[in-house]
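The structure under discussion appears below in the form of structure tokens.
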Number of protein chains: 2
Amino acid sequence: MAEEVCFTRVKNIGLRGVPVADTKVSYIDGIKGELLYRGYRIEDLARQSTFEEVIHLLLFGALPDRAALQAVDQALRSSRDLPEPVLRALACHPPSALPMDVLQGAVPYLADHDPGLSKREKDDVRAQSLRLVAQLPTVLAAWKRIREGQPPVAPRPGLSHAANFLFMLRGEEPDAEEAHVFDVCLTLHADHTFNASTFAAREVASTHAHLYASVAAAVGALSGELHGGANAQVMQMLLEIGEPDRVEAYVKARLDAGQVVMGMGHAVYKTEDPRAPILQELSRRLVERTGQGRWIELSERVRDVAQAEIRRRKGQELYPNVDFYSASTYYQLGVAPDLFTPIFALGRVAGWCAHVIEEKFAEAQEKPALYRPEAEYVGDYCGPLGCPWVPLSERKPGS
Amino acid sequence: MAEEVCFTRVKNIGLRGVPVADTKVSYIDGIKGELLYRGYRIEDLARQSTFEEVIHLLLFGALPDRAALQAVDQALRSSRDLPEPVLRALACHPPSALPMDVLQGAVPYLADHDPGLSKREKDDVRAQSLRLVAQLPTVLAAWKRIREGQPPVAPRPGLSHAANFLFMLRGEEPDAEEAHVFDVCLTLHADHTFNASTFAAREVASTHAHLYASVAAAVGALSGELHGGANAQVMQMLLEIGEPDRVEAYVKARLDAGQVVMGMGHAVYKTEDPRAPILQELSRRLVERTGQGRWIELSERVRDVAQAEIRRRKGQELYPNVDFYSASTYYQLGVAPDLFTPIFALGRVAGWCAHVIEEKFAEAQEKPALYRPEAEYVGDYCGPLGCPWVPLSERKPGS
């Protein structure tokens, strides 16, 4: 039960290398470049399963058979509509609101209308999860329309999860190819072990807070530029560069200034991020339809220059991560860059929910207690009686 | 820089005993029962400083002189009003909404209207913090009125932070004694090192998410019954017991069933929680005015019986924690029990903001990286090629 664990503590390492729980949801081998959801390779799932299947896999622990898939699909389709008060609340944001704030703010409103909110069994939390996974895309698409002064587009129950989102976002049904591309994007972003947003969700769930409170925390963590914010920054970089002959100067200038090249490198993968080549292929496939070859070509040129420069400067290999080719993919699908990070959330929410369920229902031995770490106090300490308290009238400025 | 750290890993210990960062905000000695904010004893601050002084202490690192206190006070008073769209958004919740969901949902709406939201310097985040600390009480008081079908009471700039909240909540100005009691309650709850909600706030901030996104996560964590939810459960227990002669049977029945007695014992303090006797005294003082001696008497009887039983059964000492006497205190102040946990947030938000600032602006050596822990994968692993993917038509039920 109790084993001695030692690690080198470089002060404040952001918990790198510190195991905080057991998990069965996903697995990464950063050296080999492997990512597994519930034991299945991300490559197999991306190429052969739909996002609906992946949702089932993550929430229930196994790929669905036909009946189970139908049940999940039915639950999702029947939950897509937003209650009218939620739409009204969305419309209270000014058009300038940050989309991640809108998304985070909406989650507690969705909690209001979940008839099973007070239920606490594992299948109850799975049912809450399916509702939330179904409703988050509707929130984002509705907000996109509302901020542009247009009425939200109601979800269309005949469409898949991915196709329906693009339909609500753009107002017209996507064709099968676009829907497929977006479906694969959702699968690729659905889980990634104990990343910062997932850990935030688990942390909140560990206090016995409900699913919605936990997922709202995760949305907050994903909004950070070191986490989900990166895909929007890749697009900003591509737009800033604009022309292929400016790539070299741009990349060198960033590296000279000690900055990173957005979307290149990963804290966990020491080799290629297995999701990157799949996204690269999707982005290339879209070019045949959109004719917008510029963004993927710019991306590949950035990659080549960054790789060569890092090899030359540091003797290291550098690889694109999941954000790198997301940018050109989403852009070709007609998504505004400030919605890239919220779209990340539409995939990752499946993983957040799976991790919240694991946190809440792990068997006693695997179950983490409420996360309550230590900090090293390095501030004033004047002894057990404390620092001498001084009356207001006797305090000096800046004391 | 790098030191070897070893600890006994009882699997999944909720990070107990694992240091994750340096801090100068607060310090607990759980053996001696000490709590310091920035080096000052909680007893000194509770008895001699106002909550406004404590806000300054936590956010700026020192007790304010008269000019600094005036500046903080002015910033708070001038920020109390809620923008009209935030009030409209509040009114979109049904009266049945959980108050902690309402509070969590409101925080991103407050972000919409912060004119300094995109600014990122330390003083900018302090300014955001003062706005948020000022507005959260208005949110809660407004919601209390809205759910009862009454118009919100506008804040009164002439009142202190504590007095103004009670005024907005109840519609009439509290007297000096009530305002003082509530002021001390806010101070006592303002910080407590790396508790679960504070850690959630820091976790989100570590991704470079903004203050509001971080605090919304903290509200989610506080909502859990293992964390902020406990004070409401203490009140529920007192209401359930009702009569002093039922205490013994109630406490014994809970312990027989392997349940804890709410508000008794603490994960960090092995002796008396230093906040508890201060709250006990406040609760007693209120009795002289309210005549409602029943709740504190019931509390003390529960404490005595629980202590005696735990001594008899386990040979251990058990002490009341901060939640234990909060219950009778808030109840005498006329606060509905389902608002106890949100009121905890009104105090703790000062600490959350101080910790977010510390997370964002710690010097490089003290600064944690984005929190990204490890998990031990204990699920299916069929080798680097993954578990064999099976087409839908060939899957068996429950496979």
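Here is how names work: the chains are called A, B, and so on, in the same order as the sequence lines, proteins then strands, and each is numbered from 1.
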Relative to each other, are the rings of B/His93 and A/Tyr109 parallel, tilted or perpendicular (30° and 60° limits)?
->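 Plane angle under 30°, so parallel.
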Under 4.5 Å from any heavy atom of chain B - which part of [X]:
| X | value |
| --- | --- |
| A/Ile28 | side chain |
| A/His56 | neither |
| A/Val268 | side chain |
| A/Glu225 | both |
| A/Pro388 | backbone |

Taking [options] one by one, which has the highest count of heavy-atom pairs under 4.5 Å against chain A?
| options | answer |
| --- | --- |
| B/Ser393, B/Ser214, B/Gly220, B/Ala218 | B/Gly220 |
| B/Arg66, B/Glu394, B/Glu84 | B/Arg66 |
| B/Leu36, B/Asn195, B/Thr193 | B/Asn195 |
| B/Arg38, B/Glu43, B/Glu53 | B/Glu53 |

Quick check for you: among [options], which has the greatest number of heavy-atom pairs under 4.5 Å with chain B?
| options | answer |
| --- | --- |
| A/Asp101, A/Val204, A/Thr23 | A/Thr23 |
| A/Val390, A/Leu385, A/Leu69 | A/Leu385 |
| A/Leu392, A/Leu222, A/Asp380 | A/Leu392 |
| A/Ser223, A/Ala375, A/Pro85 | A/Ala375 |
| A/Gly379, A/Gly386, A/Ala221 | A/Ala221 |
| A/Glu34, A/His113, A/Gln48, A/Arg88 | A/Gln48 |

Sidechain-backbone polar pair: A/His355 side chain, A/Val25 backbone, donor-acceptor under 3.5 Å =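 No, because the side chain of A/His355 does not come within donor-acceptor range (under 3.5 Å) of the backbone of A/Val25.
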Would you say B/Gln104's side chain and B/Ala216's backbone share a donor-acceptor pair under 3.5 angstrom?
->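 Yes, B/Gln104 side chain to B/Ala216 backbone: donor-acceptor pair under 3.5 Å.
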